[in-house]
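Note on naming: letters A, B, ... go to the chains in the order of the sequence lines (proteins, then strands), and numbering restarts at 1 for each one. No hydrogens, no waters, no symmetry mates; every other heavy atom, side chains included, goes into these values.
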Amino acid sequence: MVTKIQISEVGKRYEGRNPVEALSDVTLTVDDSEFVCLVGPSGCGKSTLLRMIMGLHRPSAGTVDVFADDPVLPPTAMVFQDYSIFPWKTVEQNVRFGFEGRRLPRAECDARVDKWLERLGLSQFRRAYPAALSGGMRQRVSIARALAVEPEVLLMDEPFAALDAQLRRVLQEELLALWQQDRRTVVFVTHSLEEAILLGDRIVVMSARPGRIIADIRVPFDRPRSPQIRTAPEFAELEGEIWAQLRDEVDRSLVGGAR
Amino acid sequence: MVTKIQISEVGKRYEGRNPVEALSDVTLTVDDSEFVCLVGPSGCGKSTLLRMIMGLHRPSAGTVDVFADDPVLPPTAMVFQDYSIFPWKTVEQNVRFGFEGRRLPRAECDARVDKWLERLGLSQFRRAYPAALSGGMRQRVSIARALAVEPEVLLMDEPFAALDAQLRRVLQEELLALWQQDRRTVVFVTHSLEEAILLGDRIVVMSARPGRIIADIRVPFDRPRSPQIRTAPEFAELEGEIWAQLRDEVDRSLVGGAR
Amino acid sequence: GSPEASGGGATIGDDGKLTERTELTIAIPGKQLPILAPIMAKAWKKFDERNLDVTIETLASDEAFPLLATGKLDGIWTGPSVGLFNAVAGGADVRMVSPGNYLSEESGGGIWVSSALLNGREFEPSMLRGKKFASSQGNTGTSMVAFSQLLESGGVGVDEVEIVTMSASDAVPALENGSISGAIVQEPLDVALEKNNSAVRVSPQFPDGWNNTTLLFGPSLLRDNPDAGKVFVAALRSTFVDKLQGDYLADPERVADIAEQLEQPVETLQQSTSDLYPTELSFPDEYVATHEQVWRQWPDLLTYDEPLTTEQVIDTQFMDWANEH
Amino acid sequence: MSDRTTGTGDDGRRRWRVQPGQQERNPRAFARRRRLERRLLGVLVPVVLLVAWELCANAGLIDTRFFPAPSQIGSTAVDMIGNGILLTDLTVTVRVLLIGLVSGFVVGTVAGLLLGLSRIARAALEPLLSALYTIPKLAVLPLLLLIFGVGELPKVILVGLGVFFIAWISVLEAILDLPGAYGEAATAFDVRGWRRMRHVTLPAVLPQVLVGLRISVGNAVLIVVGVEFVSGDEGIGYRIWNSWSIFAADRMYVGIVVVALLGYLLSLLVQLLSRVCVPWAPSTAARRD
Amino acid sequence: MSDRTTGTGDDGRRRWRVQPGQQERNPRAFARRRRLERRLLGVLVPVVLLVAWELCANAGLIDTRFFPAPSQIGSTAVDMIGNGILLTDLTVTVRVLLIGLVSGFVVGTVAGLLLGLSRIARAALEPLLSALYTIPKLAVLPLLLLIFGVGELPKVILVGLGVFFIAWISVLEAILDLPGAYGEAATAFDVRGWRRMRHVTLPAVLPQVLVGLRISVGNAVLIVVGVEFVSGDEGIGYRIWNSWSIFAADRMYVGIVVVALLGYLLSLLVQLLSRVCVPWAPSTAARRD
Ligand SMILES: Nc1ncnc2c1ncn2[C@@H]1O[C@H](COP(=O)(O)OP(=O)(O)OP(=O)(O)O)[C@@H](O)[C@H]1O
Ligand SMILES: Nc1ncnc2c1ncn2[C@@H]1O[C@H](COP(=O)(O)OP(=O)(O)OP(=O)(O)O)[C@@H](O)[C@H]1O
Ligand SMILES: [Mg+2]
Ligand SMILES: [Mg+2]
């Protein structure tokens, strides 16, 4: 397998009034076309790690490398946890913004924008400003913007958190289809173990702050997976295993009041 | 049973550049000490309904009544979907803000703030500004603010969406404990059917926009419920039933591109 | 206001002093050499000697005028202007009561034209046709008298020259870079112009025997308490007579006093020409009518039609008393 | 604040009710009424003040030499319009004003963007510019006359300078206060340079820049009038000064009123511009009703 | 923008790397260096300009009657400090400035809050105030003198007026632009009246109000100096005008430099105030490095 993302001994400390040790000694390799799910207690540094892969923050120690097939274009696009869409752009303009950094024929842009607005059920609202959208609709705009770019590496920070269960399942399938078809690399932060098992090749479990990697589990189910695997005993077993590890972490951090 | 919230034939239309029919003819009664979960496709008007119960929006038709035992204090407090905490206040000040509208002895305020910061694992960050918090931590501040007020009616708009599975379970238990102990009324919007079944006395299912109530299901499990009921066959059955109804709605709205 | 409001009913005693101490407030446009007299009269205790307690406010003339007309100021030290004439015609109780300084023959102040305009030739008023000419009061001041006479001598109408408002100091750079062709210039600006040879003085600022500044009284002194006004003018005249004759700026003692009051270095003052001060106070003949004729040449300046009489504008009782005492 | 009304329920408990108000029942009629109300009030207040002034003047309660009655000012205004003075003055003033305003604002905005985006430029130039801000413009006039000669240019420059400082401060502070999330989203999609400016930075600071513009417009009017006070021979400012120095208070007031109206119209224009340029901002809606 | 550096991986693919920079490796040293750099640059630029001016003056490239050499200005300044003139002037000016600034700003802020919070007040008063904004202050001075007499008060009022308008516009626009979510959270917890003001409205508009204050401070200095030009016999403005009218350019420049420094110091003070009052705002961090 070819390495796509190489995270080596990364640490991150936020300086300031009261400094926070967010990550400590994180080493992780993501292969080309791998779908990695990242789980861990709230505040453990998942978003921080994604931001560093994206090049938005610099680590305090270690290096993060992303290897790109394209000689020019940056390989990553991201769905932000807080959506980060622009209030001064309409839904359509927000999605189109994803292409601003890339040289793409106008017709191609139009087609992709239409496609993703359609898939995310936003067509009717293409001319609406974010202020007139519901929470879930804003999140969908953010998802559409990142997916429309079709990047080599897709970084998704709890992308489906604000969506209803049904839509979530639809989009999970969309995402899997996209991934299988183009073999993109995905790093996917989620709080749902079910979602992680359903989607991921690997599940990386992080400890409470300062975040370290405490488990890196390969998901044993074959592709394509159907939602039916939820009922398989291995599924419950795997979920239980991850669960046990997480519980310790959360308890530890809650008891210390130290999240 | 005594009625706590009475929603009668409520409709809501957002005027503006392109008007949106958000809710249509919603009638719902919530009894005193009832725990009602509200589920429905993204953009169907759940937040809008909560806002109206809170008195933040006026309906276009119909009335919303909330009956208070306290002769003076407003009966409601809310956890907002977008957290709505103040960037200029520290975590502690944000939680304390909940008391500003109520006349409470200072010592009592302090005690409650401490208690809820502790329970939500925020003690260590009490002096941090929201800008230095992770998404889940911000949501916890918003939860702490509403819970600390201990209102007669608690309105919660996807309160646990940004929290990890483990913490979510801890807080679900906290919430249930609080509710059982003081018999408060809770209206709880969630996208997780599992969560709805685990927590609610009733589950109200809404249609795609314009939101109507298409099902009002009483949850047959006894209290206190343990997370173990997930494995009960009735659980899966109930989930499947709601699921089926929701799927139609979501499909309908996605096909029409009409969310 | 009532007599009580303005210094009470003090009258003149036999010694030429007021019987009671009386407070007066007068305004001057700035602490400069032409405005020297009231400042120094105060410093040299000429007012004190006559039992007057004078406060001097620095205020631009336009700002001071309403205060004078409403009795909030007792007098102002300035030049005659269109505003005064219009106000008098409109019934304001304001009069000229005494001349102030006169410019000496040697004074550098006057009408200057730029060397660029002359271009080596002898000055002809017709050279100013269609040119810009700067004056700090525009066309509303007393300087227009000499200027219009100058133009007339060359057969040029006042409407053939564009008169722009510009402070005298600003006129120096403007003359030098050719944006204006002439200006009314006061000392010590002439030194700068002469040094650079950038402009030439072609006429004095005032007709022969015409004063530069003028003392105006408002209703408080004209009507309510004329005795205080008389004593005030007399105090000024005795300052003129005792201290401000000859080349007083060459006198080390007096110039030191002056420098202290004006907050200017002695050396600067010594470069200036001493202004002349009259020992007998009187206004030139036809003072009012001449001003009117000059200003009438512009259609929109005087807002009345019937010419004013000298008595309407000048009140001589104060000068007359002062000349006697 | 809250849209709830309180009452008492059947069982004696307090009832908090939310129900449709005028606005919900008939949005159009409501909007129309609000608009009418707003316009009426906006006109009424000045009219009442003017009438009071007129009455005081007629009753001799105020000194009409300095505060002539509005009717008198009005008739003078009619004369001045009739003989064309007012129009000439206005043309001169508005010309200088607009050229100075636009150029000063553009240069100031660019400077503000530069300072906001480059740490080095900020460190090097902010202290200097802060100090230059308060250099009295009128004291600089002689130097400008020296360099540029008499005429329109020095006035335009003075107006431009006045606007420049307000513009760069507004833009700089707005950029520094930009929420980090916007910049991160731009970086994440590799939007740089001019595109980043156009799609992210400019729209994000636009609301505050327009506030700066509104303040600038007023200041520019003040400066152009102030400069015409001390120099020149035409323009509304000259007219005001000249009228006052020839003791024609009614003419002066005509000038003052014209300047006030000019300022009001320009500020309306800026508000209109805000509505068009910033359709997403809350204030756009707030102003409408 | 992005913190990534690009290179080539072992297999020839393009490598995008993020690694610790100076800032991460030694945050303290980095902050110290940045601070030093900032101060150095801030001092260097004016010093270079002054030296250039001095050289030009000495070489006779500029007219020293209008642009005396900085050394000459310096020595004049020393004289003026020695004989106490400068200090007296400064005291007079600063007194008027501060009283006018503070009172105008407080009244303006209150007016802005009122207009921002009450639709009726906004409809009734905004047009009127917009028009009053551009009434030339200098033309109003004679009227103020008439009403309040000669002295400090009319100057204070003029400064206050100038600041008032900038303050209310800033506050009003900031309130109208407040994100609705803040107000909803306040309503949801039934926080009303003064508490809502203190906990929500004021902190939310504070950053923009401080920008307004920064602009106001500069404007106030300009106004006080402008008023001293035409009225009074002390204060920095009088000194500048008086020096120029007796053609003492060096003294005029001393005055101008003092005014510039005054403006700079006050704007520093406002920035300091911003850091203390708005510790959460991004600009607080941006200014620090
Ligand atoms: N800008 C910042 N300044 C200071 N500390 C920060 C900043 N951003 C994040 N942190 C801290 O870093 C830690 C990790 O934050 P991060 O957002 O990466 O968590 P997370 O794993 O994404 O959590 P969540 O699941 O709640 O989103 C948190 O404890 C937070 O307090
Ligand atoms: N301020 C507004 N102006 C115009 N339309 C609005 C506004 N707020 C909400 N809407 C519309 O009303 C509909 C319902 O919104 P609401 O936020 O209540 O949905 P929701 O059920 O909470 O969805 P989600 O689960 O995504 O949060 C949406 O279609 C949205 O477009
Ligand atoms: Mg996160
Ligand atoms: Mg919602």
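Comparing A:Ser192, A:Ala22, A:Gly135, A:Ala128 by heavy-atom pairs within less than 4.5 Å of chain B, the highest count is held by A:Gly135. Taking A:Arg127, A:Glu158, A:Arg169 one by one and counting their heavy-atom pairs under 4.5 Å with chain B, the maximum is reached by A:Arg169.
Proximity to chain B is limited to the side chain of A:Val20, based on heavy atoms less than 4.5 angstrom apart. Neither the backbone nor the side chain of A:Arg168 comes within less than 4.5 Å of any heavy atom in chain B.
Of the listed residues (B:Asp114, B:Asn94, B:Thr90), just one forms a side-chain hydrogen bond (donor to acceptor under 3.5 Å, both in side chains) with B:Arg126, and that residue is B:Asp114.
Between B:Ser24 and B:Arg212, the side chains place no donor N or O within less than 3.5 Å of an acceptor N or O (distance only, hydrogens not considered).
Of the charged side-chain nitrogens involved, at least one lies within less than 4.0 Å of a carboxylate oxygen, so that A:Arg202 and A:Asp216 count as a salt-bridged pair. Ion pairing between B:Glu21 and B:Arg209 fails under the 4.0 Å rule for side-chain N and carboxylate O.
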